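Sharing a structure, written as structure tokens. Questions coming.
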Amino acid sequence: MGLFWIAEGDVYVGAKPSGLAPGVRLTPEGVVALGDGQSGLHLWEDVNVLTVTDVPVKSLMRQVGAVKNLALGTVKELALPMSHGLVDEAPAMMTVRVESSDGDHELATCVAAAVGYPQTEVDLSRALLARLTEGAATMATTLTAMSEWGRAWEGGSPRGAERERLLRGWVD
């Protein structure tokens, strides 16, 4: 859903982390840094600016690169059957920037979209992050709407037009 991973009522920026992977969760209390090497809670009342940088934008070249890497990995696996299987590359990372009364913080989170995010969804997601810093009532209403959608959704990812419609609704 844009730059967000929404599952079972939990809202993350980027992919939902597993194990020691870094991640960022948005809760009614604040922005939570997760994973190895980063931790902490930045309370909403202290957060002035919330944005994301290093976002990979979906492009034809990025899609071609992903297909090429998959094809090369498959050929390698077929040619060298005794190898240890496909080697997973580290996921691409984004930076969540939190400007708060106690300083500026850069939090790492994994990219959830293998071929990047559509530019419209990037723009809407950034507007939504800015909206979350407008005050307690706005943040609570917006996060509640996102969480309720996550609890009601049956799984999978909605199509592009539906993702845009939802993001626009949460921004407005």
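Values in this document were obtained by computation on a predicted structure and should not be read as measured data. Reckoned from all heavy atoms, side chains included, excluding hydrogens, waters and symmetry mates.
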| request: Evaluate the side-chain proximity of Glu121 to Leu3: yes if any heavy-atom separation is below 4.5 Å, no if none is. | output: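 Counting from C-beta outward, Leu3 and Glu121 never come under 4.5 Å.
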
| query | Nearest 0.5 Å, what's the OG1-CG distance between Thr142 and Leu128? | reply |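 The distance works out to 6.5 Å.
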
| said: How close do Ala108 and Pro22 get, counting heavy atoms only, and between which atoms? | reply: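 In terms of heavy atoms, the two residues are closest at O-CB, 3.5 Å.
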
| field | Within-4.5 Å side-chain heavy-atom neighbours: Arg168 and Thr120 | value |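 Result yes, sub-4.5 Å side-chain heavy-atom pair found.
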
| task | Could you tell me whether a side-chain N or O of Arg131 sits under 3.5 Å from a main-chain N or O of Val171, the two making a donor and an acceptor? | result |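 Side chain of Arg131 to backbone of Val171: a pair is present.
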
| field | side chain to side chain contact (heavy atoms under 4.5 Å, CB included) against Glu45, all qualifying residues, sequence neighbours excluded | value | Leu43

| Got a sec: does the CD of Glu8 have more than 12 other heavy atoms crowding it under 6.0 Å? | no

| said: As a quick check of understanding, evaluate side chain to side chain contact (heavy atoms under 4.5 Å, CB included) for Val24 and Leu34, giving each step before the final call. | reply: CA-CA 6 Å; Val24 176; Leu34 304 167; over 6 Å; no

| CH2/Trp170 to CD1/Ile6 distance, rounded to the nearest 0.5 angstrom? | 4.0 Å

| said: Atom CH2 of residue position Trp5 - does it have more than 12 heavy atoms of other residues, nucleotides or ligands inside 6.0 Å? | reply: no

| request: Measure the shortest side-chain to side-chain distance between Leu124 and Arg163 over non-hydrogen atoms and say whether it is less than 4.5 angstrom. | output: no

| task | State yes or no: do Met93 and Tyr117 share one hydrophobic cluster built from I, L, V, M, F, W and Y residues joined by side-chain heavy-atom distances below 4.5 Å, directly or via other members? | result |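 No; tracing contacts between hydrophobic side chains, which count when under 4.5 Å, never links both residues.
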
| field | Verdict with reasoning, His105 to Val96, per side chain to side chain contact (heavy atoms under 4.5 Å, CB included) | value | CA-CA 8 Å; His105 309 275; Val96 178; over 6 Å; no

| Going only through I, L, V, M, F, W and Y residues with side-chain contacts under 4.5 Å, is there a path from Val122 to Val11? | yes

| query | Is any side-chain heavy atom of Pro158 less than 4.5 Å from a side-chain heavy atom of Met1? | reply | yes

| message | I want to check something: taking the side chain as every heavy atom from C-beta on, are Asp104 and Val98 in contact at a cut-off of under 4.5 Å? | response |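 Side-chain contact under 4.5 Å: no.
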
| query | Is there a path from Met139 to Val31 through hydrophobic residues (I, L, V, M, F, W, Y) whose side chains come within less than 4.5 Å of each other? | reply |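 Yes, Met139 connects to Val31 through the hydrophobic network.
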
| query | Do Leu132 and Trp44 have side chains that get closer than 4.5 Å, going by heavy atoms? | reply | yes

| message | Run His42 and Leu107 through side chain to side chain contact (heavy atoms under 4.5 Å, CB included) and show every step you take. | response | CA-CA 11 Å; His42 304 282; Leu107 309 174; 4.3 Å; yes

| request: Of all the heavy-atom pairs spanning Thr109 and Val13, show the shortest one and how long it is. | output: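 Where Thr109 meets Val13 most closely, the heavy atoms are OG1-O, 2.7 Å.
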
| message | Between Val32 and Tyr12, does the side chain to side chain contact (heavy atoms under 4.5 Å, CB included) criterion hold? Intermediate values first, please. | response | CA-CA 9 Å; Val32 181; Tyr12 299 89; over 6 Å; no

| request: List the atom of Ala112, the atom of Gly14, and the distance in Å for their closest heavy-atom pair. | output: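 Where Ala112 meets Gly14 most closely, the heavy atoms are CB-C, 4.2 Å.
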
| query | Distance-only, no hydrogens or angles: does the Ser100 side chain make a donor-acceptor pair with backbone N or O of Val47 under 3.5 Å? | reply | no

| task | Heavy atoms only: give me the nearest Ser125-Gly2 pair and the separation to one decimal. | result | OG-CA, 3.5 Å

| field | Glu106 backbone acceptor or donor facing Arg97 side chain under 3.5 Å | value | no

| query | Going by an N to O cut-off under 4.0 Å, is there a salt bridge joining Arg25 and Asp10? | reply |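 Salt bridge between Arg25 and Asp10, a charged N being under 4.0 Å from a carboxylate O: yes.
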
| request: Give a yes or no on whether a salt bridge exists between Glu162 and Arg159, defined as a side-chain N under 4.0 angstrom from a carboxylate O. | output: no

| Which heavy-atom pair separates Met94 from Pro56 by the least distance, and what is that distance? | CG-CD, 4.1 Å

| request: Ignoring hydrogens and angles, tell me if any N or O in the side chain of Thr144 forms a donor-acceptor pair with the backbone of Ala140 under 3.5 Å. | output: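 It does hold such a pair.
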
| How close do Leu50 and Leu129 get, heavy atom to heavy atom, and via which atoms? |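 In this case the closest contact between Leu50 and Leu129 is O-CB, 3.5 Å.
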
